[in-house]
Amino acid sequence: MKIDRFLKAALVGLATAVVHAPLPMQAETLRVVRTGTESVLTVAMNRAVVVESQTPFAELSIANPAIADISSLSDRSIYVLGKTPGTTTLTILDAQGKLITNVDVRVAADVTEFKERLRQILPDETIEVRTANDGIVMSGTVSSTLRLQRALDLAERYAPGRVSNLMTVGGIQQVMLKVRFAEMSRSVAKTLRSSVATGGGAGNDLGVELGTGNSAPLAAEDALIDKLLPQSGSNASEGAILFGFNAGGLEIGILLEALESKGVVRTLAEPNLTALSGQEAKFLAGGEFPIPVAQQGGTISIEFKPFGVELNFIPRVIDGDLINLELETSVSALDFDNTFQFESIQVPAFRKRESQTTVELRDGESFAIAGLLQEDFRDLNGQVPWLGDVPVLGALFRSAEYAREQSELVIIVTPHLVTPTRGEALALPTDRITPPTEKDLFLFGRVTGGTRNAPKKGAAAEVAKQDFSGSYGYVMD
């Protein structure tokens, strides 16, 4: 009975052990063989290397033959040829089929020749070249955008479309452009004309009028002054002398006009603007004038047209202090002498001088990008037929007008490489004056309150000490 009970207990325990025992997992039947030392072999594209194994091998295998090609030279030497950028695995087995080692073969672009060419073309630049996967990574600092572009163009020859640019441009990359508009207009006009009029006395309406001036048409009244003076709204003519005398019942009047006028107009504008290399900057000092524009349905809309001093430019620091400027500049003003009648609205014309060009110059150099010399000449000679040809007295029946206008325009640009400075080094026109107090205004008659709030030190303080009528501006190194 005891033996029977013992056997039953043993069978129950065995059954329980079989039920609760874990089932063998499939993963335990697989094992990754890691024999030997894994290493990385870097091969340049279209280049070959010879690798020697310390242990004789019997079989070689490459995971991706499109990336690298292999062949055995002996039982210890392997010939590896890089074909396409990428990474693959070289497996080496012994005579028993056991794994000796796995080698990661990385094929990259050949940068040896590229580095040599880069040192020859840009010897003074510190550019680091590395390979990443199937491309080239360039880092470092270059002195100008032109040299950066040269390095990138050269890299594209060795890895087209696979160049990563991590380079930065050093040096000064901000440009301040100073533009000077200078225009001088001169005009000279000379006029010499005469008019003769005759008329009867009181009760006599007979009158004769001769001459080449701008006298009035023959009138019914006997006053000769009304016949000789122009009817343009003014009662007298500039530079005119009127002679009159009576010969019995006949009145004779002679009007002589001689006038010489000269005029000079000077226009000067100096806009200044600062921008980062490669970025566009815009400047407008003036305003916008409303222009009526007809629309469909008989309605009128308003379009604003800017006028004044305009400056648009894109600077590019090419190499060192060499600057490329893409420039658009203009000076415009309203011209009320030439107006356009739009229904009941008079729209003035615009006088505009503009220039658009691209130039290259160095820091501090100047260029006259536009120049205009215009001259208008007008000569007019008029006379009464036959009478004007009479010697001496014929001058009374002739008129001559002479006018000459000259205009000169020059636009000069000067770029400067600039860096930021501290605020106290800059001066403003408002730094020199303050509003007057009641005591200054009413008791002493001062329109300014002096320079109480002006800077006390630095370059701005020197400018602030100047008199209000003196020079002004800002400090630039």
Query - Worked check of side-chain hydrogen bond (donor to acceptor under 3.5 Å, both in side chains) between Glu405 and Ser187 - result: CA-CA 4 Å; Glu405 296 181 358; Ser187 62; 5.6 Å; no

Between [X] and [Y], which heavy-atom pair has the shortest distance, and what is it?
X: Asn46; Y: Leu81; result: C-CD1, 4.3 Å
X: Lys83; Y: Pro65; result: NZ-O, 3.3 Å
X: Arg316; Y: Ser277; result: CA-OG, 3.5 Å

Query raised in the report: More than 12 non-hydrogen atoms from neighbouring residues, nucleotides or ligands closer than 6.0 Å to CZ on Arg162, yes or no?
Result: yes

Query - Heavy atoms of other groups near Glu438 CD, more than 12 under 6.0 Å - result: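 Counting neighbours around CD of Glu438, 12 or fewer heavy atoms of other residues, nucleotides or ligands fall under 6.0 Å, so no.
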
Requested in this report: Measure from NZ or CZ of Lys305 to the centre of the six-membered ring of Phe350 and say whether it is under 6.0 Å with the direction within 45° of the ring axis.
Outcome: yes

Query raised in the report: Can you list the steps and then say if Phe377 with Tyr402 is a ring pair (Phe, Tyr, Trp, His ring centres under 6.0 Å)?
Result: CA-CA 8 Å; Phe377 177 80; Tyr402 165 85; 5.3 Å; yes

Query raised in the report: Are Glu401 and Arg378 close enough, and set up right, to give a salt bridge (Lys or Arg N to Asp or Glu O under 4.0 Å), and what steps lead you there?
Result: CA-CA 8 Å; Glu401 295 182 7; Arg378 185 176 67 255; 5.3 Å; no

Query - No-hydrogen, no-angle side-chain donor-acceptor test under 3.5 Å, Gln295 and Ser301 - result: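 Note: Gln295 and Ser301 side chains meet the donor-acceptor criterion.
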
Query raised in the report: Charged N to carboxylate O under 4.0 angstrom, Lys282 versus Glu310?
Result: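 Result for this pair is no, no salt bridge flagged.
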
Query raised in the report: Tell me, do Val331 and Ile411 make a side-chain contact under 4.5 Å, heavy atoms counted?
Result: no

